[in-house]
Amino acid sequence: MPRKRPGKKAPKSKKRIPGPLCAAVMLRGPLMERGKRMNATWRRKLTPYLLILPNVLIYFIFIFVPLLCVIYLSFTNYSILSPGHWVGLSNYERMLEDQLFMGAVKNTFVFWIVSVLPQMALGLVLAVLLNSKIKGLSFFRAGLYLPSVISGVAVSMTWLYLYDFQSGPFNAVLKGLHLNPVNWLGDAQYALMSISILGIWVGTGYALIVYLAGLQSISQELYEAASIDGASKLRIFFRITVPLLNPMTFFIFVTATIRSFQVFDYVYVMTKGGPLNATNTIVNSIVDTSFAQYEMGYASALSIFLLVITLVITLINYRVGTKTLDS
């Protein structure tokens, strides 16, 4: 039998891939690249929403949901001691006829008017004085800003001692001047004004820091150009400094307004709304109605009233401030 001659083996024939499968293999690479690009695009779009999701959940759970509950309770006569029933607008009608609460509204507006504008004016003046290179500048800035970050209860206890009728420093000064001492917190004529002075002292430091940041952002070239033109310092202040600080003024006014309508700790610690309800405020009335009288439905209506008043004043400030900034 003849032997086969040694040689190279014949190459094996490649298996042919069916048409559809071949197309799938050919498209696999582009499809994977496209899928990766789509995944990257979706990740880029979803990442910001995932980052803010915790804050949104916190806001929804602890602010939005309680707000809806308060709105619902304001239309009921719910009390801690008994289940509530739907009463419609009865709580709001009672609120408008409640002379004690209307007095609290008046006191809150007086506190707002008396405390907000002076603290803004003092903050601006102090910011201008501290916007210079002098020794101990950081000490003065920190000292003036400190009241804004101290606990309201601690501040109230300090001023409670200052206003003390028997041994307070204020009355000690009056006695030294041979003047009659004043019952700052026990006399209805002086009580609200005394708390307003405390509000001015606390809010001035906050206005100072905001105005100081605004002053440091103003270009010195504007002041130099005005000085070359012969403008006086007073004219430079009212023509350059004040207009360029309008955004800060608007911000301070809005935040100070909101704080004024929410004042509670000073009143609760120092006077508890007295004497003769002379220092009773909206928030103090809400707390007394809810936690002393247990009328949660009526207290919810008072809270909604405070929300509406604050929102309306803030929107008015926003409209006026926007027109001022545009002009």
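Keep in mind the model is a prediction, meaning the values are calculated, not measured.
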### Message
Ring centroids only, cut at 6.0 angstrom: are Phe261 and Phe109 within range, meaning strictly under it?
### Response
yes
### Message
Is the ring pair Tyr318/Phe250 parallel, tilted or perpendicular, if the boundaries are 30 and 60 degrees?
### Response
tilted
### Query
Between Asp98 and Tyr298, is any pair of side-chain heavy atoms under 4.5 Å apart?
yes
### Query
Do Asn77 and Met296 come within less than 4.5 Å of each other through their side chains, counting heavy atoms only?
no
### Task
Please lay out, stage by stage, how Thr271 and Thr279 fare under the test side-chain hydrogen bond (donor to acceptor under 3.5 Å, both in side chains).
CA-CA 7 Å; Thr271 62; Thr279 60; 2.6 Å; yes
### Message
Is it the case that the ring center of Phe165 lies less than 6.0 angstrom away from the ring center of Trp184?
### Response
no
### Message
What's the separation between atom OH in Tyr190 and atom OG in Ser196, rounded to the nearest 0.5 Å?
### Response
15.0 Å
### Query
Quick one: does Ile240's side chain get under 4.5 Å of Ile236's, heavy atoms only?
yes
### Message
A quick test of your reading: do over 12 heavy atoms of other residues, nucleotides or ligands sit less than 6.0 Å from CG of Leu276?
### Response
no
#### Entry: Residues Tyr163, Asn171; criterion side-chain hydrogen bond (donor to acceptor under 3.5 Å, both in side chains); working and verdict
CA-CA 7 Å; Tyr163 282 137; Asn171 280 336; over 6 Å; no
### Message
Within a 6.0 Å radius of atom OH on Tyr92, are there more than 12 heavy atoms belonging to other residues, nucleotides or ligands?
### Response
yes
### Task
Could you state whether Leu234 and Leu124 fall into the same hydrophobic cluster, counting links through intermediate Ile, Leu, Val, Met, Phe, Trp or Tyr residues with side-chain heavy atoms under 4.5 angstrom apart?
yes
#### Entry: Gln189 CD to Ser194 OG distance, which is reported to the nearest 0.5 Å
10.5 Å
### Query
Counting only N and O atoms by type, is there a donor-acceptor contact under 3.5 Å from the side chain of Asp229 to the main-chain atoms of Ala231?
no
### Message
Could you walk me through whether Phe60 and Val65 satisfy the side-chain contact (heavy atoms from CB on, under 4.5 Å) test, starting with their C-alpha distance in whole Å, then the side-chain angles of each, then the deciding distance to 0.1 Å, before giving a yes or no?
### Response
CA-CA 6 Å; Phe60 181 80; Val65 173; 3.8 Å; yes
#### Entry: Straight-line distance of Phe251 CZ to Tyr206 OH, nearest 0.5 Å
3.5 Å
### Lys45 to Pro48 - nearest heavy-atom pair and separation
O-CD, 3.4 Å
### Query
What residue among Val210, Leu212, Leu215 forms side-chain contact (heavy atoms from CB on, under 4.5 Å) with Met248?
Val210
#### Entry: Phe237 six-ring face occupied by Lys233 cation (under 6.0 Å, within 45°)
no
### Query
With hydrophobic residues grouped by side-chain heavy-atom distances under 4.5 Å, do Leu51 and Tyr49 end up in a single group?
no
### Query
Does a side-chain heavy-atom distance below 4.5 Å link Val70 with Leu307?
no
### Task
Looking only at non-hydrogen atoms, find the nearest pair between Ala191 and Gly274 and report the distance.
CB-O, 4.4 Å
### Message
To the nearest 0.5 Å, what is the distance between OG on Ser115 and CD1 on Ile195?
### Response
11.0 Å
### Query
Applying the 4.5 Å side-chain criterion to the ILVMFWY set and letting contacts propagate, would Leu315 and Ile304 be lumped into a single cluster?
no
### Query
Mind checking whether Val105 and Ile282 have side chains closer than 4.5 Å, heavy atoms only?
yes
### Message
When you measure from the side chain of Thr76 to the backbone of Leu73, do you find a donor-acceptor pair of N or O atoms at a distance under 3.5 Å?
### Response
yes
### Message
Is there a side-chain contact (heavy atoms from CB on, under 4.5 Å) between Ser167 and Asp164? Walk through the geometry before answering.
### Response
CA-CA 6 Å; Ser167 58; Asp164 187 80; 3.2 Å; yes
### Task
Decide whether Ile58 and Phe64 are clustered together by the hydrophobic rule: side chain heavy atoms of Ile, Leu, Val, Met, Phe, Trp, Tyr closer than 4.5 Å, transitively.
yes
### Message
I'd like to know if the side chain of Thr108 and the backbone of Thr281 have a donor-acceptor N/O pair within less than 3.5 Å.
### Response
no
### Query
CG of Leu208 to CG of Leu144: how many Å apart, nearest 0.5 Å?
5.5 Å
### Message
Tell me whether the count of non-hydrogen atoms from other residues, nucleotides or ligands lying under 6.0 Å of OH in Tyr268 goes above 12.
### Response
no
### Task
Would you kindly say whether Thr314 and Asn317 are connected by a side-chain donor-acceptor distance under 3.5 Å?
no
### Message
Ser300 and side-chain contact (heavy atoms from CB on, under 4.5 Å): which single residue from Ser290, Ser74, Cys69 fits?
### Response
Ser74
### Task
Consider only side-chain heavy atoms of I, L, V, M, F, W and Y, link residues closer than 4.5 Å, and tell whether Val182 and Trp159 are in one cluster.
yes
### Query
Does the side chain of Thr310 come within less than 4.5 Å of Phe305's, by heavy atoms?
no
### Message
Under the criterion side-chain hydrogen bond (donor to acceptor under 3.5 Å, both in side chains), I'd like the reasoning laid out for Thr249 against Tyr211: C-alpha separation, chi angles, the key distance, then a yes or no.
### Response
CA-CA 8 Å; Thr249 301; Tyr211 275 132; 2.9 Å; yes
### Message
Taking Ala104's backbone N and O only, do any of them form a donor-acceptor pair with Asn280's side chain (distance below 3.5 Å, no angle check)?
### Response
no
#### Entry: Residues, nucleotides or ligands: over 12 heavy atoms within 6.0 Å of Gln216 CD
yes
### Summary
Closest non-hydrogen atoms of Ala154 and Ile150, given as atom of the first, atom of the second and distance, are CB-CG2, 3.9 Å
### Message
Distance to the ring centre below 6.0 angstrom and angle to the axis at most 45 degrees; does that hold for Arg94 and Phe101?
### Response
no
#### Entry: Chi angles and distances behind the side-chain contact (heavy atoms from CB on, under 4.5 Å) call for Asn91, Glu295
CA-CA 10 Å; Asn91 286 328; Glu295 298 183 47; over 6 Å; no
#### Entry: Donor-acceptor pair, side chain of Asn107 and main chain of Gly273, under 3.5 angstrom
no
### Message
Just checking Met102: does its CE atom have more than 12 heavy atoms from other residues, nucleotides or ligands closer to it than 6.0 angstrom?
### Response
yes
### Message
Counting only heavy atoms not in Lys272 (residues, nucleotides, ligands), do more than 12 fall under 6.0 Å from its NZ?
### Response
yes
### Message
Taking the side chain as everything from C-beta on, heavy atoms only, tell me whether Glu224 gets closer than 4.5 Å to Ser227.
### Response
no
### Query
Minimum heavy-atom separation for Leu160 to Leu185, with atom names?
CD1-CD1, 3.4 Å
### Interatomic distance, Tyr266 atom OH to Ser156 atom OG [nearest 0.5 angstrom]
6.5 Å
### Task
Take Asp288 and Ser285 through the test side-chain hydrogen bond (donor to acceptor under 3.5 Å, both in side chains) and record every step on the way to the result.
CA-CA 5 Å; Asp288 182 71; Ser285 295; over 6 Å; no
### Query
Nearest heavy-atom pair of Ser219 and Tyr223: which atoms, and what distance?
O-CD1, 3.9 Å
#### Entry: Closest approach of Gln119 to Ala207 (non-hydrogen atoms, all atoms of both residues)
O-CB, 3.7 Å
### Query
Do the side chains of Leu302 and Met95 get nearer than 4.5 Å, heavy atoms only?
yes
